[in-house]
Amino acid sequence: MDMDKSWFDGMEARIPRGEVRTRFAPSPTGYMHVGNLRTALYTYLLARHEGGRFILRIEDTDQGRLVADAVDVIYATMRRCGLDWDEGPDVGGPVGPYIQTERRALYKNYAELLVEKGLAYRCFCTEERLAELHRDDPNAKYDRRCLSLTPEEIQAKLDAGEPYVIRQRIPEGCTTFHDAVYGDITVDNAELDDQILLKSDGLPTYNFANVVDDHLMGITHVVRGAEYLPSAPKYNLLYQAFGWEIPTYVHCASVMFNDPATGTVRKMSKRHGDPSYQDLVSQGYLSQAVVNYVALLGWAPHGDIAEQEFFTMEQLIKAFEIGGISKSPSAFDMDKLNYFNATYLRELPPEEFAREAEPWIRRAVKNERYDAAAIAALLQARCEKLSDIPEKVDFFDAPPEYGADLFTNKKSKTNPEVSLEMLKQAYPVLAGLADWSQEGIHGALVELAERLGVKNATLMWPLRIAAAGKAVTPGGAVEICGILGKEETLRRMERGMAKLQ
RNA sequence: GGCCCGGUGGUCAAGCGGCUAAGACACCGCCCUUUCACGGCGGUAACACGGGUUCGAUUCCCGUCCGGGUCACCA
């Protein structure tokens, strides 16, 4: 079993030292969970805060779950969120390749190394036998049958071409694992299974690939979800087996989903239809808003900025500290995301908001005569997300059928009779108006209201109802009429008056 | 079920032995107003429970309860 170990020295020599290095290591599933996004963000922020490097690694060792173009989804998501990486599959780097399937020979070498040291062993048990074991006792761990195979028996099976996996031999005793957020966690090794390191297809399991890659890539801080906490002690055992330095682990509590429909809270999952990052974007949420909100889900700033909620990426980088990460799970709250999104939307320069809003406006307003930018101006303070838009502006193209009862509004002191009178008075004024700008319309109407001795609302309400046919509209009578144009406004007023005759 | 982790208002959360226990979202009220929003002002609402430790516990320890996570040739 003499093997050439020159590869080992070669790999070890490439490991970068002396800088903080973090990595985001998603598996390409085709979408990004909000929880994953948060992990990516924290990982990124930690590296940037420390002036270190942020690495992207693709964990595609599950051949049964390959999804086409999934890597592109990861790239696109991270770019849109402002998470730029220093090393990765596309940009390369000193410790590549950065895709696990392109590193397969490596894992095998390292697994064999452990076998040689007596810290791992080949297991020829079939999946059927393992299933049987499990059937007898659902909680059963592997019974180590293959641990007692003699060298001759092993060689014979190897020669016969029997498939096998490589398992780590878990020693007796207890293992204490240290986490930067949770502190020391100790478990009895008896709780741990002789975990599989190398699968029978020659690819590594997640746990093994993680340790090997994190080591070889010089990762100093591993940020990941708290769902990995129970298996974390196994990592120590692996690092110890290799004699490698253990990186700093930073576990983050999971993101739960607060479902307003059912009023229940549960772990966020695609399966339940909980929104992924892509879903949010397609619903008209801004990436910066999502990133800002998600940053605060499980982390809080400290010191004199403890009350700050709105952060640019630069500010997050400056403020981010491991000490601010919380230990308890937090619920993703749509209401709060809406608040963040609405705020970001409102703070956009009007032209930029108009650009974002136009496609959504045009879903409902096909008539090009109606100016999208003018409509957008009405919308900016009135929507929480872009997808709110179409239903708010549908009346421009098609005023709905409405009843005369809409003309009654107590606060505006209107009823059908008053409304008819107001429309009759306003009609000639507007018909004769030369300046059909919002200023012009506003001036003429305010003047008319004064002349008639009624409050502005008494005149404006019936006009707005006639123009839009809806009780609630973005913008008031002046703005709506301005966009509709004189001709269409007068036509709708006629229709309104007809209803009131 | 075993093991691991957690528990401040409905939600996100500050607090890290001594506070009238911040702030934000949501909710309610008032103001502004050309409907609705935006904006401004104000309000309701919390330390899961029981033992310790201490002059003093939301803060430290233990138990209970509750919640979550994890027990794959998936990551």
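Every chain is numbered from 1, with letters handed out A, B, ... down the list of sequences.
Not one side-chain nitrogen or oxygen of Lys199(A) sits closer than 4.0 Å to the OP1 or OP2 atom of A72(B). For His134(A) and A72(B), the shortest distance from a side-chain N or O to OP1 or OP2 is below 4.0 Å. Taking side-chain N and O atoms only, His302(A) has no distance below 4.0 Å to OP1 or OP2 of C16(B). Under 4.0 angstrom from either OP1 or OP2 of C71(B) there lies no side-chain N or O belonging to Ser231(A).
Salt-bridge annotation for Arg346(A) and Glu384(A): absent, with no side-chain N of the basic residue lying under 4.0 Å from a carboxylate O of the acidic one. Note on Asp388(A) versus Arg382(A): no salt bridge recorded, every NZ/NE/NH1/NH2 to OD/OE distance being 4.0 Å or above.
Here U35(B) sits opposite no nucleotide as a Watson-Crick or G-U wobble pair (both hydrogen-bonding atom distances under 3.5 Å). Nucleotide U53(B) forms no Watson-Crick or G-U wobble pair with any nucleotide shown, as no partner meets the under 3.5 Å limit on both distances. Pair assignment for G67(B): C5(B), on the basis of Watson-Crick or G-U wobble contacts that are both within less than 3.5 Å. Base pairing analysis places U11(B) opposite A24(B); the two distances defining the Watson-Crick or G-U wobble pair are each below 3.5 Å. C47(B) is unpaired under the Watson-Crick or G-U wobble criterion, no partner having all donor-acceptor distances under 3.5 Å. Pair assignment for A75(B) gives none, since no Watson-Crick or G-U wobble pairing has each distance under 3.5 Å.
Rounded to an integer number of Å, the gap from OH of Tyr339(A) to P of A13(B) is 16 Å.
With hydrogens and angles left out, the side chain of Ser200(A) and the base of C73(B) share a donor-acceptor pair within 3.5 Å. Applying the 3.5 Å distance criterion, the base of G1(B) shares a donor-acceptor pair with the side chain of Asn139(A). Side-chain atoms of Arg464(A) and base atoms of U34(B) include no donor and acceptor less than 3.5 Å apart. Not a single donor-acceptor pair, N or O on each side, falls under 3.5 Å between the base of A26(B) and the side chain of Lys336(A).
Using a 30° and 60° split on the angle between ring planes, Tyr249(A) and His251(A) fall in the parallel class, below 30°. Ring pair Phe332(A)/Tyr293(A) is perpendicular by interplanar angle, where above 60° counts as perpendicular and below 30° as parallel. Ring planes of Phe310(A) and Tyr344(A): tilted class, angle from 30 to 60°.
Within 4.0 Å of Lys455(A), counting heavy atoms only, lies no atom of the nucleic acid at all. Heavy atoms of Cys481(A) sit nowhere under 4.0 angstrom from any nucleic acid atom. At a threshold of 4.0 angstrom between heavy atoms, the contacts of Glu479(A) include nucleobase atoms, whether or not backbone atoms are also involved. Glu227(A) comes within 4.0 angstrom of the backbone, heavy atoms only, and of no base. Residue contacts for Ala471(A): at a heavy-atom cut-off of 4.0 Å it reaches a base atom on one of the strands shown. Using a 4.0 Å heavy-atom criterion, one finds that Tyr293(A) contacts no nucleic acid atom at all.
In terms of position on RNA chain B, the residue among Tyr164(A) and Thr343(A) whose nearest nucleotide sits closer to the 5' end is Thr343(A). Comparing Lys470(A) and Leu297(A), the nucleotide of RNA chain B nearest to each residue sits closer to the 5' end for Leu297(A).
For Ser328(A), the side-chain atoms get nearest to G6(B) when compared with the rest of G39(B), A37(B), G6(B). Checking C73(B), U35(B), A14(B) against every side-chain atom of Ala306(A), the shortest atom distance belongs to A14(B). When the nucleotides C5(B), A13(B), A37(B) are ranked by their closest atom to the side chain of Ser330(A), A13(B) comes out on top. Closest to the side chain of Val472(A), out of G10(B), C36(B), A13(B), is C36(B). Among the nucleotides G68(B), C73(B), C38(B), the one closest to any side-chain atom of Ile196(A) is C73(B). Nearest to the side chain of Asn207(A), among A37(B), U11(B), A75(B), sits A75(B). Picking from G6(B), U34(B), C4(B) the nucleotide with the shortest atom distance to the side chain of Lys327(A) gives G6(B). Closest approach to the Asp335(A) side chain among C25(B), C73(B), G69(B) is made by C25(B) (side chain taken as heavy atoms from C-beta onward). Checking C5(B), G2(B), U34(B) against every side-chain atom of Glu191(A), the shortest atom distance belongs to G2(B). Closest to the side chain of Pro230(A), from the set A75(B), C36(B), U70(B), is U70(B).
If you run side chain to side chain contact (heavy atoms under 4.5 Å, CB included) between Tyr370(A) and each of Ile361(A), Ile483(A), Val393(A), only Ile483(A) comes through.
The closest side-chain donor-acceptor pair between Arg464(A) and Thr473(A) falls under 3.5 angstrom.
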